[in-house]
Trainee: 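I'd like to ask some things about the structure below.
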Protein chains: 2
Amino acid sequence: MTDAGHESRRKLLDAALNVVRARGYTATRVEDICSAARLTKGSFFHHFKTKEELALAAAERWGAVTGALFAAAPYRQLSDPLERLLAYVDLRKALIRGELAEFTCFAGTTTQEVHQTHPAIRDACGATIRQHSGTLEADIAAAMRQYGVGASWTVESLALHTQAVIQGAFVLAKATQDPAIAIASLDHLRRYLELLFRSPQAQEERT
Amino acid sequence: MTDAGHESRRKLLDAALNVVRARGYTATRVEDICSAARLTKGSFFHHFKTKEELALAAAERWGAVTGALFAAAPYRQLSDPLERLLAYVDLRKALIRGELAEFTCFAGTTTQEVHQTHPAIRDACGATIRQHSGTLEADIAAAMRQYGVGASWTVESLALHTQAVIQGAFVLAKATQDPAIAIASLDHLRRYLELLFRSPQAQEERT
DNA sequence: GACACCGTACCTACTAGTCGGTATGTTGGC
DNA sequence: GCCAACATACCGACTAGTAGGTACGGTGTC
């Protein structure tokens, strides 16, 4: 799937990613996506049977694009797992710039909107979030071993917590129209991770 | 405003709060709200000129209802400001039960969906979030003084961070259809607050 | 000429908002 | 006490416009 010959299909998906993040899923018309992709409805319904099918494909593409971005990031080469984790947060901070629709998360935005009405889209978006969250778990587990931090919380829960902070930071940024608030929240997340792994008190937690 | 004689108006607002949280703002029809309130469109457009005007009034009501809830909570009587802050998180955890649409946040959900398309609704929701966040600032400031914690972060940013975690926890809960994940994230938030105010390392931060 | 691809025109279901109408008070003059 | 006049609250059928989806025709490529 996603062969080389599907240039228009890719254009439609990328257009959908941008327009839906700006306008929301329900409020974006398929014509909005078509005009953003400089195509027409004929092309749209040639590639996708329904609007919902496009959303599912867009969620899949979102996971692929973001997955490739973080997998190829330079910080992945750091030897210390905690350093990798902190560098991940730094990268997320660095990505917060420009327009809201450009740096916010398609999966989080969409799943929040349609979680009740479109279960298939919700599951597709949820899967990308969980998958992305899962990429952090190896580093968290390694950092736990290396820094001798106890197990009053699980690896999975901390990975998901980082995603919650990021998603929540986006919500706040939209509510206040101020990306700086999102960055400040990621600073708090970073401070939490440092305290969690480096403070003596946390290391005594070996229950 | 919100006199005793506006029973139907209040019913419509409460119905909107529930239906919009479940279905999203754009996807909910005014008829959905009417039938949930056991009223008709005639009544609806008697009380509100447009659907957007209802959303603005609903945001205001959301702020009033939640504001009253937390202002009247027993934990407000605790003498230690840090204890009040931690008890706030505990209360937020305790409120996470039942259906998603019952415990998630109208303001956060709606602002995320319409932030670009309906600036007035976004601002109304954003105002309730900021206002609620502001109610935490006095306790945070008092805890900073009492526990001698340094100022590498601002009172406002920590208050907003708690809201970001809460909003993000809701997003994750919707994405995964698992409220337990939201609770686990609030556990991490609580742990952060404890580390921030109680760990020796954090207290050395007096810059 | 078969097929993938894409454009234009059109169909149809749906929905925000309108409009005439009814019912229920409420005020004030006598 | 009564009634005219008016305001408020509500109902439900209707309208105008919108948006998802379809039909079909054209074009390039193999």
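Chain naming here is simple, since letters A, B, ... match the order of the sequence lines and numbering starts at 1 in each.
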Trainee: With sequence neighbours left out, write down each residue that passes ring pair (Phe, Tyr, Trp, His ring centres under 6.0 Å) with A:F45, or none if nothing qualifies.
Mentor: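 With sequence neighbours excluded, A:F45 shows a ring pair (Phe, Tyr, Trp, His ring centres under 6.0 Å) to no residue whatsoever.
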Trainee: Run the ring pair (Phe, Tyr, Trp, His ring centres under 6.0 Å) test against B:H47 and tell me which residues pass, sequence neighbours left out.
Mentor: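 Ring pair (Phe, Tyr, Trp, His ring centres under 6.0 Å) check on B:H47 returns nothing, list empty.
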Trainee: Among residues 28-51 of chain B, which contact DNA chain C at a heavy-atom distance under 4.0 Å?
Mentor: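 Here the set is B:T28, B:R29, B:V30, B:K41, B:F45, B:T50, B:K51.
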Trainee: When the distance from CG of A:L12 to C1' of D:dG21 is rounded to whole Å, what number comes out?
Mentor: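 Those two atoms, CG and C1', are 15 Å apart.
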Trainee: Can you tell me the distance, in whole Å, between the CD atom of B:E53 and the C1' atom of C:dA16?
Mentor: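 Computing the B:E53:CD to C:dA16:C1' distance gives 14 Å.
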Trainee: Rounded to whole angstroms, how far apart are CD on B:E7 and C1' on D:dC10?
Mentor: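 It works out to 14 Å between those atoms.
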Trainee: A:R130 vs A:E156, test: salt bridge (Lys or Arg N to Asp or Glu O under 4.0 Å). Steps then yes/no.
Mentor: CA-CA 10 Å; A:R130 278 204 105 110; A:E156 186 193 21; 2.8 Å; yes
Trainee: Quick one: ring-ring contact (aromatic ring centres under 6.0 Å, His included) pairs with a partner in residues 14-36 of chain A, sequence neighbours left out?
Mentor: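 Matches after skipping sequence neighbours: A:Y25-A:H118.
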Trainee: Name all residues meeting the side-chain hydrogen bond (donor to acceptor under 3.5 Å, both in side chains) criterion together with A:R190; count only those two or more places apart in sequence or in a different chain, and write none if there are none.
Mentor: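 Only A:D90, A:E194 meet the side-chain hydrogen bond (donor to acceptor under 3.5 Å, both in side chains) criterion with A:R190.
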Trainee: Please report, rounded to the nearest Å, how far the C1' atom of C:dA4 is from the CZ atom of A:R9.
Mentor: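 It is 14 Å, rounded to the nearest whole Å.
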Trainee: Suppose we screen for ring pair (Phe, Tyr, Trp, His ring centres under 6.0 Å). Which residues come up paired with A:H132, at least two apart in sequence or across chains?
Mentor: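 Partners of A:H132 under the ring pair (Phe, Tyr, Trp, His ring centres under 6.0 Å) test: A:F70, A:Y88.
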